[in-house]
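Beneath this line is the structure, given in structure tokens, with notes to follow.
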Amino acid sequence: MGTENDLAVRDRLQALLGRDDAHLWLFGIGAVVLAVLPFALSTFWTRIALGALMWVGLAQSWNMIGGYAGYLDFGHGAYFGVGAFVTGIAMVELELPFVAGLLIAGAFCAVLAYVVGVPTLRLSGAYFAIATWAFAEAIKELALILEITGGTYGMTFPTGPGTSGIPLVGWPDETFFYYLMMVLTLGTIALAYWLFEHSEFGFRVKAIRDDEDAAQSLGIDATKIKRRVYVISCVIAALFGGANAYYITFIHPSDVLAPIITDQMIIMALLGGLGTIGGPIIGGVLIFLLNRLSSLFLGNTTIYLPLIGLLIMATVLFAPSGVVGILRGEVGREDVKQNLRELAEKFDIL
């Protein structure tokens with residue numbers, strides 16, 4: 001009886017997701033819910049929702065180059081940090097409002113990503129991953145010695161009325177930053193959906209991911225398209241970095257340029273489902289809540305790391321296409337049982 005009920009729920013879910021306008025309905029309902037959410041939450045839970053939105057957007061930005069284009073980028077978090085510092089430099093040194101600084105950060109990271117992408121995107125597989133990781137480490141070390149970034153002392157952002165550069169906004173509070181992250185995240189999701197799911201550009205990107213040589217033989221300029229995806233994804237990470245820096249008011253290279261930032265983006269996209277719109281949303285919310293709630297209820301800030309490890313192991317072994325793959329019916333109960341039997345036989349457990 002339970003199996004029949006599970007199948008019925010799955011069939012209804014698949015029928016809903018199979019509708020041509022399903023994504024538009026889900027996006028619209030989600031936007032409305034998010035817009036009214038702060039009115040129903042305390043400041044503490046608004047802060048939690050704000051953080052979840054940021055990580056969903058970051059995971060979605062990594063998913064563009066890692067999931068849709070198929071390039072394992074281990075340096076994506078560098079643009080999050082660079083966006084934070086460029087925004088801060090514009091506000092502190094040039095005395096510009098936050099919005100102007102954020103736009104400058106986006107433009108700067110677009111140029112930086114293009115310059116970095118020219119040589120690195122000629123590589124593939126582990127070579128590309130190592131090159132981007134080395135780039136991120138170099139940026140971190142550079143930020144630690146440059147005077148303009150504050151070096152080992154870090155950088156403090158100006159706060160108070162008038163610093164946002166947005167009319168009618170006085171002193172930026174939790175609600176302001178919540179809506180800022182909401183706009184950035186919904187914009188990122190909408191852009192990803194349009195670019196990679198409903199445009200010729202997206203089909204070209206997927207063709208390159210599946211077989212680059214075959215795609216080039218059909219006249220697709222793989223180098224140019226990969227470079228565009230890389231620049232777009234990096235600029236988005238930079239915008240989130242600048243917004244987060246203005247929110248927390250103090251940044252340090254060891255924090256905003258830490259490797260764990262990239263690692264979490266990858267884990268979130270992998271858990272939810274690579275190369276999908278819903279994957280980074282599901283994975284981002286699950287991992288972020290696991291992090292925060294384990295700290296809140298268990299009083300331990302690191303226990304979520306082994307829990308994440310177990311989740312990723314289970315995903316790789318039993319649901320390679322992530323949670324989205326399970327929802328789509330790509331992984332069933334029999335598949336899990338079969339994988340368990342094979343593992344038991346391999347390690348001579350039975």
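Note that these values count all heavy atoms, side chains included, but never hydrogens, waters or copies made by symmetry. This one's a predicted model, so the numbers in the text were calculated from it and none came from an experiment.
Side-chain atoms of Asp255 and Ile261, non-hydrogen and from C-beta on, never get closer than 4.5 Å to each other. Counting only heavy atoms from C-beta outward, the side chains of Pro38 and Tyr179 approach each other to under 4.5 Å. Contact check for Leu257 versus Phe85: side-chain heavy atoms found under the 4.5 Å cut-off. Looking only at side-chain heavy atoms (C-beta outward), Tyr71 and Val229 stay at 4.5 Å or farther from each other. Put simply, the side chain of Met64 does not reach to within 4.5 Å of the side chain of Leu195, judged on heavy atoms. No side-chain heavy atom of Val183 sits under 4.5 Å from any side-chain heavy atom of Leu180. Using a 4.5 Å heavy-atom cutoff, the side chains of Leu58 and Gln264 are not in contact. Residues Trp55 and Val285 fail the side-chain proximity criterion, which asks for heavy atoms closer than 4.5 Å.
Contact detail for Ala90 and Ile104: the closest heavy-atom pair is CB-CD1, 4.3 Å. Counting all heavy atoms, side chain and backbone alike, Gly275 lies closest to Glu197 at O-OE2, 4.1 Å. Nearest heavy atom pair, residue Thr87 against residue Ala105, reads OG1-CB, 3.4 Å. Nearest heavy atom pair, residue Glu174 against residue Leu50, reads O-CD1, 3.9 Å. In terms of heavy-atom proximity, Gly75 sits nearest to Ala136 at CA-CB, 3.8 Å. Closest approach of Gly67 to Leu274, counting heavy atoms only: CA-CB, 4.2 Å.
Atom CZ of Phe108 sits in a sparse spot, with 12 or fewer heavy atoms from other residues, nucleotides or ligands closer than 6.0 Å. Within a 6.0 Å radius of CZ in Phe201, more than 12 heavy atoms belonging to other residues, nucleotides or ligands are found. Within a 6.0 Å sphere centred on CZ of Phe44, heavy atoms belonging to other residues, nucleotides or ligands number more than 12.
Val111 and Val116 are not part of a single hydrophobic cluster, where members link through side-chain heavy atoms under 4.5 Å apart. When hydrophobic clusters are built by joining Ile, Leu, Val, Met, Phe, Trp and Tyr residues whose side-chain heavy atoms come closer than 4.5 Å, directly or via intermediates, Met54 is grouped together with Ile48. Under the 4.5 Å side-chain heavy-atom criterion for Ile, Leu, Val, Met, Phe, Trp and Tyr, Ile236 and Val99 are members of the same hydrophobic cluster. Phe196 and Leu191 fall within the same hydrophobic cluster, defined by Ile, Leu, Val, Met, Phe, Trp and Tyr side-chain heavy atoms under 4.5 Å apart, directly or through other members. Taken together through direct or relayed side-chain contacts under 4.5 Å among Ile, Leu, Val, Met, Phe, Trp and Tyr, Ile251 and Leu94 form part of one hydrophobic cluster.
For residues 231-284, the ring pair (Phe, Tyr, Trp, His ring centres under 6.0 Å) pairs, not counting sequence neighbours, are Phe98-Tyr246, Phe177-Tyr246, Phe177-Tyr247.
Note on ring orientation: taking the six-membered ring where Trp is involved, the planes of Tyr193 and His198 are tilted (angle from 30° to 60°).
The CG atom of Asn63 sits 10.0 Å away from atom NE2 of His76, with the distance rounded to the nearest 0.5 Å. A distance of 13.0 Å separates CD1 of Ile277 from CH2 of Trp194, quoted to the nearest 0.5 Å. With rounding to the nearest 0.5 Å, the separation of OH in Tyr114 from CG in Leu121 is 11.0 Å. Separating the CD1 atom in Ile267 from the OG1 atom in Thr262 is a distance of 11.0 Å, to the nearest 0.5 Å. Here the CD-CD1 distance, from Glu200 to Ile220, works out to 8.5 Å after rounding to the nearest 0.5 Å. Taking SG of Cys234 as the reference point, atom CG of Leu239 lies at 11.5 Å (rounded to 0.5 Å).
Put simply, the side chain of Tyr178 never gets that close to the backbone of Leu37: no donor and acceptor are under 3.5 Å apart. For the pair Thr185 (side chain) and Met182 (backbone), a donor-acceptor distance under 3.5 Å is absent.
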- Item | Derivation and outcome, side-chain contact (heavy atoms from CB on, under 4.5 Å), residues Asp73 and Trp133 | CA-CA 8 Å; Asp73 183 4; Trp133 170 82; over 6 Å; no
- Message: side-chain contact (heavy atoms from CB on, under 4.5 Å) for Met181 and Asn244? Distances and angles first, verdict last.
- Response: CA-CA 8 Å; Met181 288 297 180; Asn244 179 67; 4.1 Å; yes
- Message: Using side-chain contact (heavy atoms from CB on, under 4.5 Å), reason through Phe74 and Ile266 one step at a time and then give a plain yes or no.
- Response: CA-CA 8 Å; Phe74 276 130; Ile266 297 172; 3.3 Å; yes
- Query: Taking it one step at a time, do Phe288 and Val56 satisfy side-chain contact (heavy atoms from CB on, under 4.5 Å)?
  - Reply: CA-CA 9 Å; Phe288 182 78; Val56 166; over 6 Å; no
I'd like a table of donor-acceptor pairs (distance under 3.5 Å, sequence neighbours excluded) in which one partner is a side-chain atom from residues 138-162, with atom names and distances.
| residue | atom | partner | partner atom | Å |
| --- | --- | --- | --- | --- |
| Thr149 | OG1 | Ala143 | O | 2.6 |
| Thr149 | OG1 | Leu146 | O | 3.0 |
| Thr149 | OG1 | Gly151 | N | 3.4 |

